[in-house]
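One structure is given below, encoded as structure tokens.
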Amino acid sequence: MERRVVERLSMGNKHSMKRKLIVITLLVLLTSSLFAFDYKLELFSFKPTYKEYTADRSRASLDLQYAAAYEGYPDYIYQEMGKIPFNEPRKWRKQPFLAVYHMGESLSAFRNTLYFDNFLSPISFDLSFQGGMTNVMEGRIADLVGFDGNYFLGVNASIADKVVLRYGISHFCTHYGDGVYKQFEDGPVMPSVGTFDEWFKYLRMNSMDFGLSIYPIPQLRLFTDINFNTEETHVRPHYFSPNDITDTDSVVDVENLPSSYNGLILSFGAEIELSIFKNLGPTTLAYTGRAYEEGKIVYKDEDLIAAGRAPGEFFYDPDRPWEFENTICLSQKISDIASLDITWHHGRFILNSFYATRTDYISIGGRLDFDGSFTLFDTRK
């Protein structure tokens, strides 16, 4: 009797286990059908999730341009102690041509992409690096006017190939070239205004950057970007620095700087791709606008004098507008990686060293954008 009971209990347990396995299997199949997706993992890609801005004077690309600065060629620099004029500014004004080349690239690493049957598909996210150098030489390609370095390091996310975001740390700083040093009257010392210090340059190190791009249709991109400071950001010259940055000497000779001033830089723009030439790639018309909250700091000699102040008496004017600049680029793809560009710019000079110089220039040149990737895993294959 006991043996039969044990056998029946054993059989019941087996049937119960089978039912549980069937239920679990059905649940797994149902869940898989609801959330089925394909997955791709790319170790790296030269085609970034968040593309660089085509109309950007400091873009991350590899290109060479020849430019004519037909208005506002630099003939002085500003430092904390004030304005330092060049000895022979007419030399450059007579030959207002420039050779400009960018040496940079955009790279996505460990890009994860999920494909599934939903309007949000695909979703991707990755690590991102964009950076390079902008170099400017005078037109005979003899003297180096200067060079800027910049990079972005952070994360990207894309939803349905229509909304793309980026967030991360930003850095850019500027350096003077031998063409600038040759313009000083007495070498590094200017008797009339004080001592030139090559470290008193334009700098935004360890600021943060948030970007948003929207593609209403695949050929049209709308974007906005905000670059903002934290307590750990380094900003130079110091008179552009907000009060809440802890690792500088705060603001130099700027009165009544309110807590609302953050030294923000806002970017915004649009890019549209057109199919104009049958045998060539797309034609891109791109615009980038940029607004600097630093425009509220009065530091230029002529503006100070107009306000009844002496040169060097920098101050904050709440009624002044932000400083704006505009760049338009017409880019024609001529091969898988090569493009021809024509660019018009109105605003700051190409190099941030000359942040006080407002210039208009037009340039023409060629650009290379590599488009390779290395895929580790792709279930769609």
Side-chain angles (χ1 to χ4, degrees), residues 17-54 59-62 104-132 151-170 208-225 271-275 280-282 284 331 333 335-339 367-381:
M17 183 65 70
K18 286 181 179 179
R19 284 196 295 269
K20 288 180 180 179
L21 286 174
I22 291 171
V23 170
I24 292 173
T25 302
L26 289 174
L27 287 174
V28 170
L29 291 173
L30 179 62
T31 304
S32 300
S33 65
L34 289 175
F35 298 99
F37 60 85
D38 284 309
Y39 173 69
K40 181 169 72 171
L41 173 61
E42 295 168 274
L43 179 61
F44 67 86
S45 175
F46 287 112
K47 188 176 182 180
T49 303
Y50 195 100
K51 294 194 305 181
E52 66 276 3
Y53 304 135
T54 301
R59 68 189 179 196
S61 64
L62 181 61
E105 188 54 83
S106 296
L107 180 67
S108 290
F110 299 104
R111 180 154 62 200
N112 299 264
T113 305
L114 306 176
Y115 303 89
F116 48 91
D117 188 14
N118 192 286
F119 72 97
L120 297 176
S121 176
I123 290 178
S124 64
F125 52 92
D126 63 6
L127 301 176
S128 174
F129 173 79
Q130 293 184 357
Y151 67 77
F152 167 86
L153 181 63
V155 294
N156 298 327
S158 173
I159 302 173
D161 291 332
K162 291 187 178 298
V163 178
V164 189
L165 306 99
R166 76 171 183 180
Y167 181 76
I169 192 168
S170 171
M208 302 302 294
D209 193 280
F210 173 76
L212 169 65
S213 290
I214 298 175
Y215 295 82
I217 57 175
Q219 298 81 14
L220 176 63
R221 177 193 191 187
L222 308 174
F223 64 85
T224 186
D225 197 293
E271 300 178 4
I272 185 168
E273 285 189 0
L274 305 169
S275 296
L280 297 175
T284 301
S331 179
K333 199 90 168 177
S335 74
D336 290 341
I337 64 171
S339 302
R367 172 166 52 98
L368 295 178
D369 285 316
F370 299 103
D371 190 14
S373 63
F374 182 78
T375 301
L376 288 177
F377 186 74
D378 189 353
T379 62
R380 296 179 304 165
K381 294 182 177 180

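All values derive from a computational prediction rather than experimental measurement.
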Is D371 reaching over with its side chain to a backbone N or O of D369, donor-acceptor style, under 3.5 angstrom?
-> no
On a heavy-atom basis, the closest approach of P216 and K162 is O-NZ, 3.8 Å
Which distance, rounded to the nearest 0.5 Å, do you find between the CG of L376 and the CG of L41?
-> 5.0 Å
Taking all non-hydrogen atoms of both residues, which atom of D225 and which atom of G211 are closest, and how far apart?
-> OD2-CA, 3.8 Å
According to the interplanar angle, ranging from 0 to 90°, do the rings of Y167 and F210 count as parallel (below 30°), tilted (30 to 60°) or perpendicular (above 60°)?
-> tilted
Closest non-hydrogen atom pair between F110 and L127, with its separation = CD1-CD1, 4.2 Å
Distance-minimising heavy-atom pair for S331 and S339 = OG-CB, 3.7 Å
Could you walk me through whether F125 and T49 pass the side chain to side chain contact (heavy atoms under 4.5 Å, CB included) test, one step at a time?
-> CA-CA 8 Å; F125 52 92; T49 303; over 6 Å; no
Between atom CG of L62 and atom CD1 of I337, what is the distance when rounded to the nearest 0.5 Å?
-> 9.0 Å
Less than 4.5 Å apart, any side-chain heavy atom of I214 and any of F223?
-> no
Rounded to the nearest 0.5 angstrom, the CZ-NZ distance for R166 and K51 is 13.0 Å
Criterion side chain to side chain contact (heavy atoms under 4.5 Å, CB included) on L107 and F44, from CA distance to verdict = CA-CA 7 Å; L107 180 67; F44 67 86; 4.0 Å; yes
Determine whether N112 and D126 make a side-chain contact, defined as any pair of heavy atoms from C-beta on separated by less than 4.5 Å.
-> no
Kindly indicate whether the side chain of N156, heavy atoms from C-beta on, has any atom under 4.5 Å from the side chain of R111.
-> no
Show your working on side-chain hydrogen bond (donor to acceptor under 3.5 Å, both in side chains) between R367 and S61 and close with a plain yes or no.
-> CA-CA 7 Å; R367 172 166 52 98; S61 64; 5.1 Å; no
To the nearest 0.5 Å, atom CD of Q219 lies from atom CG of L274 at 9.0 Å
Backbone of Y115 reached by a side-chain donor or acceptor of R380 within 3.5 Å = no
Nearest atoms (heavy-atom pairs only) where T284 meets E273 = OG1-CG, 3.6 Å
Are any side-chain N or O atoms of Y50 and backbone N or O atoms of L212, one a donor and one an acceptor, separated by less than 3.5 Å?
-> yes
Of the non-hydrogen atoms in D161 and Y215, which two are nearest, and what is the gap between them?
-> O-CB, 3.9 Å
Hey, is NZ on K47 packed in by over 12 heavy atoms from elsewhere, all under 6.0 Å?
-> no
Okay, side chain of T379, backbone of Y39: is any donor-acceptor separation there less than 3.5 Å?
-> yes
Euclidean distance, D117 CG relative to D38 CG, rounded to 0.5 Å | 11.0 Å
Is E271 reaching over with its side chain to a backbone N or O of T54, donor-acceptor style, under 3.5 angstrom?
-> yes
Say whether, by atom type as modelled, one donor and one acceptor occur between the side chain of E42 and the main chain of T113 under 3.5 angstrom.
-> no
